[in-house]
Every structure is written in structure tokens, then in C-alpha cells.
Amino acid sequence: MTDEFCVSCSQPQVETLKACSTCKAALYCSKECQKEHWPVHKHTCRAPLNADEVLGIKLLCNREVPPAKGDGDPEPAIARGERYGLPLLVLSDGIHNRKRMPDGDGNQPAVYMRIDVDSGFAPMNWQLIDPDTCYFVRQDCKPLTREAMEACHAFHSMLISDLYDIGAEEQGWAPASEMITPVVFQTFCKKYYREQREKGRQQFGFLVRPL
């Protein structure tokens with residue numbers, strides 16, 4: 001079984017697959033599929049990255065300030081995030097680069113991404129300091145797409161709203177941390193991508209392989 005497939009229709013057609021002439025990464029089975037997929041692909045289509053580069057996501061704070069060049073050390077976006085298969089690194093302008101904006105409006109999505117899998121809370125400094133604009137990359141250096149980032153944030157939001165209830169274990173519910181597994185995350189992502197496609201969001205294609 002091949003691991004190559006058309007990124008537009010998801011069909012494995014090794015004999016006819018052609019790579020995008022710019023990024024050399026996206027594969028298509030026909031010109032029609034490539035044209036149909038361009039509105040999605042154009043956001044990540046670029047010349048191949050150098051060995052010391054990685055494609056990530058900039059998560060703006062509420063004020064949407066222009067990004068600052070980071071010189072701090074990135075940290076794991078979620079403690080033991082490899083437990084569900086998508087470990088991320090995050091660099092925060094407010095925390096790592098010490099960029100203080102007195103009128104900052106916070107960055108709640110970034111705080112959600114920084115939760116600890118056992119407690120359901122972000123570290124105290126992330127709760128007390130405005131993280132401002134944040135930059136996320138995959139720890140395995142694979143490209144991080146906007147769709148994968150959105151699905152990951154939706155997963156974190158689900159964990160916070162549905163699993164980390166005070167007193168839940170005393171009432172007989174299993175510890176929330178036991179639900180943080182690749183199986184649960186992959187099942188959630190397949191459902192999330194399907195729901196987004198049903199809403200007409202073409203960029204959420206079929207998950208041929210896990211994120």
C-alpha cells in the first residue's frame with residue numbers, strides 16, 4: 001500500500017501523481033485536482049524550506065499587532081503533548097521575548113494550547129502574563145497547517161470544557177489525563193475535519209493519515 005496520494009481527492013494513484021512545481025510537496029493526480037485545490041494550497045505553497053527552517057503558525061493576540069522577531073527559547077505547548085501525537089512548541093512575545101503591552105487584550109487561544117494534561121490548567125505565568133502574539137511549530141519539524149492548528153485548539157477546548165470538571169473523579173469519572181491518547185485525538189480530528197467539510201470548508205480535506 002502506498003503512502004502517496006492526491007492531496008485534493010485523496011486517491012492513491014502513484015503512476016499519475018505529479019508534484020507541485022513550486023513546493024515539490026503537494027501531489028496531484030490531475031490538473032483539475034490541482035486547480036480545485038489551489039485556494040487551499042496557496043497558503044502553504046512555497047519553495048522547499050532549508051534544513052534549519054520549519055513552517056509554523058502565528059497566533060495573534062486580540063490586538064493583532066505585527067509580529068516581533070523572537071529571540072527567546074521555545075517551550076512545549078502542552079506538557080507531555082506527545083501523549084496524543086502532536087507535540088508543539090510555542091514562542092510567546094509576552095512571556096519569552098518579554099514584550100509588555102500595557103493595553104494588551106490577551107491571547108486566550110494560546111493559553112488554551114498551553115494546558116497541562118493532568119491538571120487542565122496553563123502554567124501560572126501564562127495565566128498572569130499577557131502572552132501577546134505567539135508562534136507555534138511542530139516539534140517533529142513537519143509543516144503545521146492552519147487546519148491542524150484549529151483542530152488541535154478545538155481538542156484542547158473540548159478537554160477543558162468536558163473533561164476537567166472539579167470533583168469529576170470523586171463522582172466516578174475516569175481521570176481526564178487518561179483520555180489524552182493518540183486514539184482519542186485521532187478520532188476527534190477525523191470527526192472535526194468531517195464536520196468542517198460538511199459546513200463547506202473545503203480546506204479540511206480527508207485525513208488520509210493522522211496529523
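In this structure, V111 and W126 approach most closely via the heavy-atom pair CG2-O, 3.8 Å. Counting all heavy atoms, side chain and backbone alike, L17 lies closest to F5 at CD1-N, 3.8 Å.
Inter-residue side-chain proximity for C45 and W38 is flagged as met; some heavy-atom pair is nearer than 4.5 Å. Annotation: side chain of F185 is in contact with side chain of L211 (closest heavy-atom distance under 4.5 Å). Residues P87 and R138 form no side-chain contact, since every pair of their non-hydrogen atoms from C-beta on lies 4.5 Å or further apart.
Note: Y84 and F155 meet the aromatic proximity criterion, with ring centroids under 6.0 Å apart.
Listed by chain and number, the residues in a ring pair (Phe, Tyr, Trp, His ring centres under 6.0 Å) with Y193 are F204 (sequence neighbours excluded).
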Legend entry - Verdict with supporting geometry, C134 and D93, side chain to side chain contact (heavy atoms under 4.5 Å, CB included): CA-CA 6 Å; C134 295; D93 271 346; over 6 Å; no
Could you give me the CA-CA distance, side-chain angles and deciding distance for S92 and N97, then say whether side chain to side chain contact (heavy atoms under 4.5 Å, CB included) is met? CA-CA 7 Å; S92 160; N97 292 334; over 6 Å; no
### Task
Report the C-alpha separation of M149 and M113 in whole Å, then their side-chain angles, then the decisive distance to 0.1 Å, and conclude whether the side chain to side chain contact (heavy atoms under 4.5 Å, CB included) test is met.
CA-CA 10 Å; M149 184 70 179; M113 293 297 297; 4.2 Å; yes
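C23 SG to K42 NZ: the interatomic distance, rounded to the nearest 0.5 Å, is 15.0 Å.
Defined by atom type and a distance below 3.5 Å, a donor-acceptor pair is present between the side-chain atoms of H37 and Y28.
A salt bridge links E150 with R201: the closest approach of a Lys/Arg side-chain nitrogen to an acidic carboxylate oxygen falls below 4.0 angstrom.
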